[in-house]
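To keep things clear, I will list the structure first and then write my remarks on it.
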Amino acid sequence: RTKRSNTLDDTGKRVLKRLWAYRDRQARALDRPAFKVLPGDVLIALAERRPTTDAEFDKVLPGKQPLKRRHGDALLNAIEDGLAEEGPIY
């Protein structure tokens, strides 16, 4: 799927799963390829660092204000959902 996803710990994989799901929903709604909606390296960076506030988001992805305006709140929600998830990873 995305390069470097196998380097994530279990929590990171749970977060990435939620981020992938969000990206997939957006891509389908916009009828665009998923990588054009949110590149894989952005998803990996978010899954590695797991920001939960706007300030932390800005530190993880500096200079990505258009992306933040379009997807910031939803991405933070997806990260929080992934952090709250427990159980085995599929």
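The residues of the chain are indexed from 1 along the displayed sequence.
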Measure the spacing between CH2 of W20 and CZ of R23 and express it to the nearest 0.5 Å. 8.0 Å
With sequence neighbours left out, the residues meeting salt bridge (Lys or Arg N to Asp or Glu O under 4.0 Å) with D10 are none
Are L19 and V60 connected in a single hydrophobic cluster, I mean Ile/Leu/Val/Met/Phe/Trp/Tyr linked by side-chain heavy atoms less than 4.5 Å apart? yes
Pairing residues for F57 by the ring-ring contact (aromatic ring centres under 6.0 Å, His included) criterion, not counting sequence neighbours: none
Could you tell me which residues satisfy side-chain hydrogen bond (donor to acceptor under 3.5 Å, both in side chains) with K68, sequence neighbours excluded, listed by chain and number? D58
CD (Q65) and CG (L67) are apart, to the nearest 0.5 Å, by 9.5 Å
What's the shortest heavy-atom distance between S5 and L16, and which atoms? CB-CD2, 3.6 Å
side-chain hydrogen bond (donor to acceptor under 3.5 Å, both in side chains) partners of R18, counting only residues at least two apart: E85
Quick one: do D24 and V37 satisfy side-chain contact (heavy atoms from CB on, under 4.5 Å)? Show the steps, please. CA-CA 9 Å; D24 187 56; V37 174; over 6 Å; no
Tell me whether the count of non-hydrogen atoms from other residues, nucleotides or ligands lying under 6.0 Å of NZ in K64 goes above 12. no
Please tell me whether L61 and F35 are part of a single hydrophobic cluster in this structure, the criterion being side-chain heavy atoms less than 4.5 Å apart. no
Taking the side chain as every heavy atom from C-beta outward, state whether I44 and L8 have any atom pair closer than 4.5 Å. yes
With a 6.0 Å cut-off (strictly less than), is the heavy-atom count around CG of D73, excluding the residue itself, greater than 12? no
Side chains of L75 and L38, heavy atoms from C-beta outward: is any pair under 4.5 Å? yes
Which residues pass the side-chain hydrogen bond (donor to acceptor under 3.5 Å, both in side chains) test with R32, not counting sequence neighbours? none
Indicate the atoms forming the closest heavy-atom contact of P33 with A27, along with that distance. C-CB, 4.2 Å
Would you mind writing out the side-chain donor-acceptor pairs for residues 45-53 within the sub-3.5 Å range, not counting sequence neighbours?
from, atom 1, to, atom 2, distance (Å)
E48, OE1, R4, NH2, 3.2
E48, OE2, R4, NH2, 3.0
R50, NE, A47, O, 3.0
R50, NH2, D9, OD1, 2.5
R50, NH2, D9, OD2, 3.2
T52, OG1, E56, OE1, 3.2
T53, OG1, E56, N, 3.1

